[in-house]
Enquirer: 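This is the structure I have questions about; it appears just below.
Residues take their numbers from the sequence shown, with the count starting at 1. If you're wondering where the values come from, they're calculated on a predicted model, not measured in any experiment.
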Amino acid sequence: MKALEAKIKNAFENKGIKCQSVYKMPDPDETRLLVAFNSKDNRNLSIRKIENVLASLNVGEFKVPSEFQRLSSAFLHLEITLGARNEKSVLPASM
């Protein structure tokens, strides 16, 4: 497992959140991670808890969707974009 994925997985485990896997998705433009959580072990897991763990890592700006995706019945999935900005630029596109 690469350094960033291992760092994020260990941070979740240190906070008591059982993380099944962290997978870096191939994308040349931005860093996107798919994180899987076992739904049985994480009944009280919230997006806010995940944001707090990521903020404590100092990985820079990130964007987390407002809800989990269910790609299977046993796991909660979340696609995280690192280096993302939440606010839009105020400069015109022509500059």
Enquirer: E79: what forms a side-chain hydrogen bond (donor to acceptor under 3.5 Å, both in side chains) with it, not counting sequence neighbours?
Expert: R32
Enquirer: Rounded to the nearest 0.5 Å, what separates atom CG in L45 from atom OG in S39?
Expert: 10.5 Å
Enquirer: Not counting sequence neighbours, list each pair that qualifies as a salt bridge (charged side-chain N to carboxylate O under 4.0 Å, His left out) and has a residue in residues 43-60.
Expert: R48-E51
Enquirer: Which residues pass the ring pair (Phe, Tyr, Trp, His ring centres under 6.0 Å) test with F37, not counting sequence neighbours?
Expert: F12
Enquirer: Hey, are the side chains of C19 and V35 touching, using non-hydrogen atoms and a 4.5 Å cut-off?
Expert: yes
Enquirer: Nearest 0.5 Å please: distance from the OG1 atom of T31 over to the CE atom of M25.
Expert: 12.0 Å
Enquirer: Just how far is it from atom CD1 of I8 to atom NZ of K24, taken to the nearest 0.5 Å?
Expert: 10.0 Å
Enquirer: Distance-only, no hydrogens or angles: does the N42 side chain make a donor-acceptor pair with backbone N or O of K18 under 3.5 Å?
Expert: yes
Enquirer: Please report the interatomic distance CG(L57) to CG(N52), rounded to the nearest 0.5 Å.
Expert: 11.0 Å
Enquirer: Please name all residues satisfying ring pair (Phe, Tyr, Trp, His ring centres under 6.0 Å) with F75, sequence neighbours left out, ordered by chain then number.
Expert: none
Enquirer: Please confirm whether the backbone N or O of Q20 pairs with a side-chain atom of K9, one donor and one acceptor, at under 3.5 Å?
Expert: yes
Enquirer: Between T81 (side chain) and F62 (backbone), is there a donor-acceptor pair under 3.5 Å?
Expert: no
Enquirer: Would you call L78 and P65 a side-chain contact if the rule is heavy atoms closer than 4.5 Å?
Expert: yes
Enquirer: Going by heavy atoms in the side chains, are L33 and Y23 under 4.5 Å from each other?
Expert: no
Enquirer: Working to the nearest 0.5 angstrom, can you tell me the gap between I50 CD1 and I80 CD1?
Expert: 6.5 Å
